[in-house]
Amino acid sequence: MAKRVADLLVDVLLKAGVQRIYGVSGDSLNGITDSIRTRREIEWIHVRHEEVAAFAAGAEAHLTDKLAVCAGSCGPGNLHLINGLYDCHRSRVPVLAIAAQIPSDEVGSGYFQETHPEHLFAQCSHYCELISQPEQMPRVLEIAMGTALSRRGVAVISIPGDVAMREAIQQAPRLRFPEPTPSVRPSDDEINILAGLLNRSKKITILGGAGCAGAHEELIDLASRLQAPIVHAMRGKEFIEYNNPFDVGMTGLLGFSSGYYAMMNCETLLMIGTDFPYQQFFPKDATIVQIDLRGEQLGRRSKVDFGFVGDAKTTLRALLPKLNQNAYETHLKTSLDHYGKARKGLDALATANEDSKPIHPQYVARVLDQLAAQDAIFTCDVGTPTIWAARYLTMNGKRRLLGSFTHGSMANALPQAIGAQATYPGRQVISMSGDGGFAMLMGDLLTLRQHKLPVKLIVFKNDSLAFVELEMKAAGILDFGTGLHNPDFRTIAEGAGLLGLRAETPTQVEPMIAQALKHDGPALLEVLVSRQELSMPPTITYEQAKGFSLFMMKAVLNGRGDEIIDLARVNLLR
Ligand SMILES: Cc1cc2nc3c(=O)[nH]c(=O)nc-3n(C[C@H](O)[C@H](O)[C@H](O)COP(=O)(O)OP(=O)(O)OC[C@H]3O[C@@H](n4cnc5c(N)ncnc54)[C@H](O)[C@@H]3O)c2cc1C
Ligand SMILES: Cc1ncc(C[n+]2csc(CCOP(=O)(O)OP(=O)(O)O)c2C)c(N)n1
Ligand SMILES: [Mg+2]
């Protein structure tokens, strides 16, 4: 039988090492799914919502650093991919999206399900093109894949169903070379300038981010030479925090006070591979030096006095031999002492609270951290689960942590767990889900059963959109539109063929987490956690404090005094 364009498309993906495609089938995708059906080396992961497909592919790409693929049928099918693709693109993970298109002879007629993916996905991709002729295959697909990999982000090909079904002109993939891995570093002159200014500084703080992946050893050597505390940005946590005697925690609203002060009290701030977004957390008077692989990142978040383009590992290797040992140790000592105190304060919040209700969510995260496997993959929903993950999960160089940290979309954790588990069937994958986030894409609970993915879902059930409630309170607004009338998630899980569990008291937390983790298959544990567990920022501004008392006043005026007492009980009297 003659080779079709769809067969050639699958050939190219296989040649590039793609092992699975996440998606939902549809008429316009028939050529492609039919070709996948006949190959043993590539799996079709049938999810229930295309947004899940995109998040899952993003998780696979993040964990493997290789191209991952998702697909949607024409019109609404691929439109559903969009939020997940934004997340992948903004997190700079290489993902190819196949957006099927309506019949080519109907384009432009306002036909059934007609949309224009080239326009729709333009903002969340580096490359987005229509394949309207068999002659364009495999070249356009290969350009798309190469772009996603080399620029790190999303590439989209849009292909009408009839074009995929046509006879292929070319018969095989064109490109056969392995992915290039260049070393990028500043020039010798620039390395000398950088070394000179660091050798002249006494109080240096390092702010590291996800760009430090693979440069752990160099980073620790650097901190030791400079006697510099290391603060990390959230996406850098999994690469920086472990085996790190210079660790002083994270900064930002969810951060540790020690991270905040180490940055604010330094003379020289050295940023390496980070795009930490919050301007108000940067020091005003320090000299700021930034190293990033991408020149366009320099000076994006704060003023920068010296900017260098380079890969973290290669740059630090070139720099280290030129650095003197800093004799000034006080800055590091003070920062580490501060970190010890901040850590103690946070640990004190992660207690079982005897056997009274409700359960502290910090305690749940702490127990999860203690019982999870040494190479567990955690995903956390946007909302308070992000806070608990940032503060209570211990990374060790083998564990991984994924969230929607840059795009900040709810409902990411279950979809990312699906991608993680499909990629690593033998590893423990734990989703820390909010009750709001979980319900948003709950249909894909069914995917766990269908694809035999033994994901462990821990649902932080606080019957609210608690993170937003917190933001409203901090802004002095009465919370509104944040309450959730939740179902019994345990029963829903059981109905979907999972092990369903519920912890109502602190004493149930540990045995039930252990039971869920041990279970040979997917499991959901809902934990009834307190709703108003404040996660105070490291510095409380006058505005925030003012806002808070305003909330109290408004709440009392509205006759919600009970809640204020609850709030005090949870946060002040424990
Ligand atoms: C609800 C919520 C609250 C949050 N609160 C906080 C908070 O309090 N604190 C916090 O830190 N974050 C917080 N975040 C996350 C925040 O939005 C950012 O996503 C995060 O701070 C960015 O981390 P990063 O700089 O490590 O990673 P990225 O944003 O991914 O930046 C990585 C940088 O490294 C560069 N790079 C990549 N590879 C290399 C290389 N090989 N060598 C050199 N450079 C390289 C990239 O070009 C990029 O500039 C929050 C997120 C959510 C959802
Ligand atoms: C798709 C989307 N919708 C809305 C928001 C705004 N938002 C941020 S956190 C949050 C609440 C999350 O609630 P839940 O999952 O229950 O977690 P909680 O904070 O209650 O632990 C909302 C609505 C968002 N970030 N993404
Ligand atoms: Mg909630």
Side-chain angles (χ1 to χ4, degrees), residues 51 62 65 83-84 86-87 90-93 151-152 181 183-185 207-215 218-219 231-240 249-256 259-260 263 271-278 281 290-298 300-301 308-316 361 380-391 403-414 432-441 459-472 481-484 486 529-533 535 537-538:
E51 181 174 347
H62 178 85
D65 217 20
N83 189 51
Y86 261 93
D87 184 79
R90 304 199 60 201
S91 297
R92 298 189 190 86
V93 292
R151 295 187 62 193
R152 298 279 134 179
T181 52
S183 296
V184 184
R185 47 154 286 192
L207 172 65
C212 293
E218 290 79 5
L219 190 67
V231 180
H232 60 262
M234 180 91 213
R235 294 193 76 227
K237 177 180 165 83
E238 55 175 342
F239 308 115
I240 295 176
M250 197 169 94
T251 184
L253 273 174
L254 313 188
F256 295 30
Y260 176 80
M263 276 184 51
M271 296 168 66
I272 309 174
T274 176
D275 192 21
F276 175 73
Y278 312 111
F281 287 86
Q290 184 175 5
I291 302 169
D292 201 286
L293 186 59
R294 299 177 174 85
E296 72 269 23
Q297 293 298 110
L298 302 176
R300 197 171 269 252
R301 305 292 173 207
F308 301 95
V309 173
D311 159 60
K313 191 184 186 83
T314 320
T315 306
L316 297 190
C380 62
D381 261 338
V382 165
T384 65
T386 296
I387 312 179
W388 316 137
R391 293 181 177 175
S404 177
F405 297 135
T406 314
H407 188 47
S409 171
M410 275 172 78
N412 58 292
L414 167 61
M432 295 168 72
S433 300
D435 45 2
F438 173 63
M440 202 175 251
L441 287 174
V459 180
F460 288 73
K461 194 177 194 184
N462 50 24
D463 292 330
S464 70
L465 305 173
F467 195 82
V468 177
E469 222 161 65
L470 189 70
E471 288 171 333
M472 287 175 174
T482 53
L484 298 172
N486 273 321
V529 296
S530 53
R531 174 167 178 164
Q532 305 194 326
E533 198 72 29
S535 26

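Each ligand, and each atom within it, is numbered from 1 in the order the structure gives.
Looking at Asn83 against ligand 2, nothing comes within 4.0 Å, counting heavy atoms.
For the Mg ion (ligand 3), the set of nearby N, O or S atoms under 2.8 Å includes one belonging to Asn462. Inclusion of Asp435 in the first shell of the Mg ion (ligand 3) is supported: an N, O or S atom falls under 2.8 Å.
At the top of the distance list for atom 29 (O) of ligand 1, counting protein heavy atoms only, stands Asp275 CB, 3.3 Å. Annotation: atom 7 (N) of ligand 2 to nearest protein heavy atom, Val468 CG2, 3.6 Å.
By the 3.5 Å distance cut-off applied to N or O atoms, Leu484 is not counted among the residues near ligand 2. Backbone and side-chain nitrogen or oxygen atoms of Leu465 are examined, and none is located within less than 3.5 angstrom of a nitrogen or oxygen of ligand 2. Not one N or O of Pro385 is nearer than 3.5 Å to an N or O of ligand 2, by distance alone. Considering backbone and side-chain N/O atoms, Ala466 comes within less than 3.5 Å of an N/O atom of ligand 2.
The option from Gly481, Gly383, Gly437 that lies nearest to atom 9 (S) of ligand 2, judged by heavy atoms, is Gly383.
Within the listing of ligand 2, atoms 14 (P), 15 (O), 16 (O) sit less than 4.0 angstrom from a heavy atom of Gly436. Near Thr251, the atoms of ligand 1 lying under 4.0 angstrom from a non-hydrogen atom of the residue are 7 (C), 8 (O), 9 (N), 10 (C), 11 (O).
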